[in-house]
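Below is one structure, written out as structure tokens; comments come after it.
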Amino acid sequence: MAIIGVPADWPADEAAALAVQHALRGRLVLDEDGPPVGEGHVTGLDVAYDDARDLVAAAAVVLDAGTLEVVEEATAVGRVSFPYVPGLLAFREIPTVLAALDALTADPGLLVCDGYGLAHPRRFGLAGHLGVLTGRVSIGVAKNPFTFSYEQPGGERGDFTPLLAQGEEVGRALRTRRGVKPVFVSVGHRISLANACAHTLALTPRYRIPETTRRADALCRRALAEARG
DNA sequence: GCGACAG
DNA sequence: ATCTTGTCGC
């Protein structure tokens with residue numbers, strides 16, 4: 001598989017990335033409800049790295065939203081486009097993720113990202129960024145609370161508490177499995193927080209992490225291993 | 001100034 | 001994210 005390069009116009013440093021983030025942030029749509037749960041497609045996106053070899057592999061896995069069966073898979077391998085900087089994760093993942101999305105023939109439907117959307121220092125995390133660039137509905141489901149604060153939600157699946165940034169609800173700590181650490185859901189683009197959580201619950205009938213992310217995680221690791229040779 | 005900090 | 005074996009438990 002061909003290795004895609006870093007886009008010519010990609011931000012070269014933090015200052016440039018912050019400027020792009022600021023410009024794109026204005027295109028975020030936060031007043032839509034998003035698609036109903038269980039209909040159409042849901043697409044999981046994830047990335048794996050080999051910094052030593054300057055490689056990044058991305059996977060996009062399209063699932064039937066009703067049955068959670070795999071409809072289509074696609075991968076892309078690229079060059080690392082940015083170092084990991086908290087708050088600028090999108091610049092590290094997006095070029096390769098977009099290439100994987102472009103390789104799909106099926107309608108991706110709702111994009112489920114491994115990270116944050118609105119829950120971000122400047123309210124524009126990976127999910128929002130990807131949503132704006134593609135025009136698609138997106139949500140972010142992260143495994144860690146980043147810098148935000150939250151109270152421990154109740155122990156039952158579906159229980160949640162607000163994820164707070166200076167008192168503002170930027171997402172939710174959502175319990176997807178009883179007695180297991182919650183996941184951290186935030187809105188990406190064109191969807192409400194309540195609906196983002198409803199989708200997350202529909203994607204976690206068995207494990208803490210959404211089926212979309214689990215599948216994409218396994219696939220991008222495989223793609224990276226193949227790229228290594 | 002120092003530490004924390006999605007993946 | 002990644003470096004990494006076995007192991008306890010359902």
Side-chain angles (χ1 to χ4, degrees), chain A residues 6 11 14 17-18 21 24-25 28 44-61 75-98 100 111-132 138-150 157 162-166 168-174 176-189 193 196-197 200 205-210 212-225 227-228:
Chain A
V6 178
E14 293 188 29
L18 287 170
Q21 211 166 57
L24 294 181
R25 171 68 176 78
L28 204 52
L45 304 167
D46 196 17
V47 166
Y49 300 96
D50 185 336
D51 286 288
R53 300 188 204 207
D54 188 37
L55 287 178
V56 46
V61 180
T75 62
V77 176
R79 245 63 239 212
V80 172
S81 54
F82 211 82
Y84 172 64
V85 179
L88 297 177
L89 177 66
F91 294 91
R92 186 165 166 77
E93 313 216 325
I94 279 183
T96 317
V97 167
L98 284 179
L111 304 182
V112 181
C113 302
D114 185 22
Y116 280 119
L118 243 208
H120 178 274
R122 293 167 293 282
R123 306 292 176 271
F124 197 64
L126 174 63
H129 198 139
L130 203 54
V132 166
S138 64
I139 68 174
V141 181
K143 300 180 284 296
N144 295 293
F146 202 10
T147 60
F148 306 105
S149 59
Y150 68 101
R157 169 173 155 83
L163 188 63
L164 303 171
Q166 299 122 207
E168 172 194 357
E169 183 179 40
V170 294
R172 284 177 183 171
L174 176 66
T176 54
R177 302 300 304 163
R178 67 180 313 185
V180 172
K181 175 180 173 176
V183 294
F184 304 88
V185 180
S186 64
V187 154
H189 187 54
L193 180 55
C197 287
T200 301
R206 170 136 195 179
Y207 299 102
R208 175 173 86 111
I209 302 301
T212 36
T213 300
R214 288 168 43 78
R215 289 239 158 78
D217 178 73
L219 182 56
C220 68
R221 285 177 200 249
R222 261 181 275 148
L224 183 63
R228 282 167 162 148

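Since we're looking at a predicted model, the values are computed, not measured. Per chain, numbering begins at 1; letters A, B, ... match sequence-line order.
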Aromatic plane relationship, A:Phe184 with A:Tyr150 - under 30° parallel, 30 to 60° tilted, over 60° perpendicular: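 Perpendicular, since the angle between the ring planes exceeds 60°.
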A:Phe184 ring over B:dA6 six-membered base ring, under 5.5 Å and 30°: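 So A:Phe184 does not count as stacking on the base.
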Could you state the [atom1]-[atom2] distance from [X] to [N], rounded to the nearest angstrom?
X: A:Arg208; N: C:dC10; atom1: CZ; atom2: P; result: 20 Å
X: A:Tyr116; N: C:dA1; atom1: OH; atom2: P; result: 14 Å
X: A:Arg122; N: B:dA6; atom1: CZ; atom2: C1'; result: 12 Å
X: A:Ile94; N: B:dG7; atom1: CD1; atom2: P; result: 15 Å
X: A:Leu88; N: C:dA1; atom1: CG; atom2: C1'; result: 16 Å
X: A:His129; N: B:dA6; atom1: NE2; atom2: P; result: 19 Å
X: A:Tyr150; N: B:dC5; atom1: OH; atom2: C1'; result: 14 Å
X: A:Glu93; N: B:dA6; atom1: CD; atom2: P; result: 12 Å

Can you check whether [X] has a side-chain N or O nearer than 4.0 Å to OP1 or OP2 of [N]?
X: A:Asn144; N: B:dG7; value: yes
X: A:Tyr84; N: B:dA6; value: yes
X: A:Lys143; N: B:dG7; value: yes

Heavy-atom pair of closest approach, residues [X] and [Y]:
X: A:Val80; Y: A:Val56; answer: N-CG1, 3.9 Å
X: A:Tyr116; Y: A:Ser186; answer: CD2-OG, 3.5 Å
X: A:Ala90; Y: A:His129; answer: CB-ND1, 3.6 Å

Using a 4.0 Å heavy-atom cut-off, does [X] contact any base of the nucleic acid, only the sugar-phosphate backbone, or nothing at all?
X: A:Asp50; result: nothing
X: A:Gly140; result: nothing
X: A:Leu45; result: nothing
X: A:Ala48; result: sugar-phosphate

State which of [options] makes the closest approach to the side chain of [X].
X: A:Leu224; options: C:dT2, B:dG7, B:dA6; value: C:dT2
X: A:Leu126; options: B:dC5, B:dG7, B:dA6; value: B:dA6
X: A:Arg221; options: C:dA1, B:dA6, B:dG7; value: C:dA1

Cationic N near anionic O, under 4.0 Å, A:Asp46 to A:Arg215: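 Salt bridge between A:Asp46 and A:Arg215, a charged N being under 4.0 Å from a carboxylate O: no.
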